[in-house]
Protein chains: 2
Amino acid sequence: HLLEALTRFFTPKLLAGKNILITAGATMEMLDPVRGITNLSSGKMGFALAQAATRMGATVTLVYGHHQVTPPEVSQACFAGSAGEMYQTVMQHIANQDVFIAVAAVADYRPQQISEQKLKKSESTLTLALIKNKDILADIASLPNPPYCVGFAAESEQILEHARQKRLAKRIPMIVANHANSAMGSDHNTVTIIDDQAETPLQADEKINIAFEILCHLHARLDPH
Amino acid sequence: HLLEALTRFFTPKLLAGKNILITAGATMEMLDPVRGITNLSSGKMGFALAQAATRMGATVTLVYGHHQVTPPEVSQACFAGSAGEMYQTVMQHIANQDVFIAVAAVADYRPQQISEQKLKKSESTLTLALIKNKDILADIASLPNPPYCVGFAAESEQILEHARQKRLAKRIPMIVANHANSAMGSDHNTVTIIDDQAETPLQADEKINIAFEILCHLHARLDPH
């Protein structure tokens with residue numbers, strides 16, 4: 001607590017007065033009371049951004065799913081376990097946000113049915129019917145007066161191409177491209193920031209440092225001089 | 001470390017000379033490099049049993065999947081992420097084991113295909129084909145000269161009935177029945193030990209204490225006087 005307070009004190013308050021909503025972690029789409037479809041997101045990148053933004057003076061609302069590390073202290077933190085819950089929670093808190101950073105790895109699909117009791121199956125094969133979830137980031141970006149939206153593209157191949165397409169498809173000003181397999185769960189990351197002005201590759205670094213660089217980049221775009 | 005060493009020193013060595021293999025945590029059946037089907041098992045109950053058995057003098061081999069807490073120090077620990085990996089790892093270490101305690105929540109099914117690259121889908125619905133995994137506990141129990149096998153039944157309803165059926169279906173001498181929804185992720189548990197002699201309900205308690213009681217019960221069955 002003391003170290004964090006000191007670090008916070010000595011960090012330049014580049015984001016003072018800004019309200020920032022950040023999603024982090026993994027959603028889990030339950031099949032029954034105990035089983036579900038999820039992903040390897042640890043929450044570390046989103047938590048690093050929430051911590052860095054707080055140190056830089058922003059008022060941070062953190063909406064987080066399943067995670068492997070402790071969430072940082074921020075102005076407000078809400079747990080949202082599934083894609084549907086995360087959609088609802090983000091929508092409830094989006095008014096008055098200046099920035100929305102969508103780092104959470106949100107399931108694209110959910111099971112058509114959630115069994116109330118633990119499934120008992122003996123068949124040698126099983127078919128699971130899935131339906132598409134709503135796209136939180138695209139829906140926030142298409143609001144009448146949207147916050148500045150930052151997406152994350154965690155890809156396993158053709159990373160920059162997929163990220164460019166994702167930025168255009170979701171109509172967001174900025175996306176951060178990274179390699180899913182090596183980034184997820186790690187304390188380190190290698191990213192490229194893509195916006196309408198440039199593609200900016202950052203050097204491989206700890207996630208907390210990557211977070212500061214992304215937020216400095218964001219600050220320059222929010223308040224250009 | 002010191003506290004654990006002291007606790008270990010002062011714990012009666014009821015399981016001295018016994019080799020015990022314990023599985024713990026959740027398996028995750030990958031759909032692509034980052035997504036998969038898993039469950040809410042935290043690893044806590046299996047880790048508590050591994051820690052308690054070690055304190056009681058056993059030589060413990062721990063095979064663990066995905067988990068939310070730190071694994072305890074045991075003689076040997078192996079990570080096995082999927083049901084298939086856990087099956088292989090258990091089979092590799094089963095020779096010379098006196099006891100096998102299967103606590104891991106192992107997936108019953110896995111996706112028929114694992115995509116090498118992150119799946120890109122735009123359809124509004126999706127169908128997932130799953131095939132049945134091999135049953136680790138049943139296969140160990142049917143070995144020519146099997147170790148004493150203990151299963152866990154984490155059920156959401158008709159807990160005792162399902163556990164009794166599971167014990168008979170897998171042909172194992174002992175099963176521990178508990179309530180999946182309240183046990184998974186919690187530091188506490190409420191269990192009933194079912195064997196061919198009795199059904200023994202234990203008082204709700206911390207998992208480390210439940211672990212000791214299960215192992216004392218097991219000790220009495222292994223070495224009846």
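- No more than 12 heavy atoms of other residues, nucleotides or ligands shown are found within 6.0 angstrom of CD on B:Gln113.
- In this structure B:Tyr148 satisfies the side-chain hydrogen bond (donor to acceptor under 3.5 Å, both in side chains) test with no other residue, sequence neighbours excluded.
- Nearest heavy atoms, A:Glu123 versus B:Lys132: O-CD, 3.4 Å.
- Both the backbone and the side chain of B:Ala154 come within contact range of chain A, with heavy atoms under 4.5 Å apart.
- B:His67 is linked by a ring-ring contact (aromatic ring centres under 6.0 Å, His included) to B:Phe47, B:Tyr64, counting only residues two or more places apart in sequence or in another chain.
- Against chain B, no residue from residues 68-85 of chain A qualifies, as none has a non-hydrogen atom under 4.5 angstrom away.
- Counting heavy atoms from C-beta outward, B:Leu130 and A:Leu128 have side chains that approach closer than 4.5 Å.
- Residues of residues 23-38 of chain A lying under 4.5 angstrom from chain B, judged on non-hydrogen atoms, are A:Met28, A:Met30, A:Leu31, A:Pro33, A:Val34, A:Arg35, A:Gly36, A:Ile37, A:Thr38 in numerical order.
- The residue among A:Glu116, A:Glu157, A:Gln158 with the most heavy atom pairs within less than 4.5 Å of chain B is A:Glu157.
- Between B:Arg110 atom CZ and A:Leu126 atom CG the span is 13.0 Å, to the nearest 0.5 Å.
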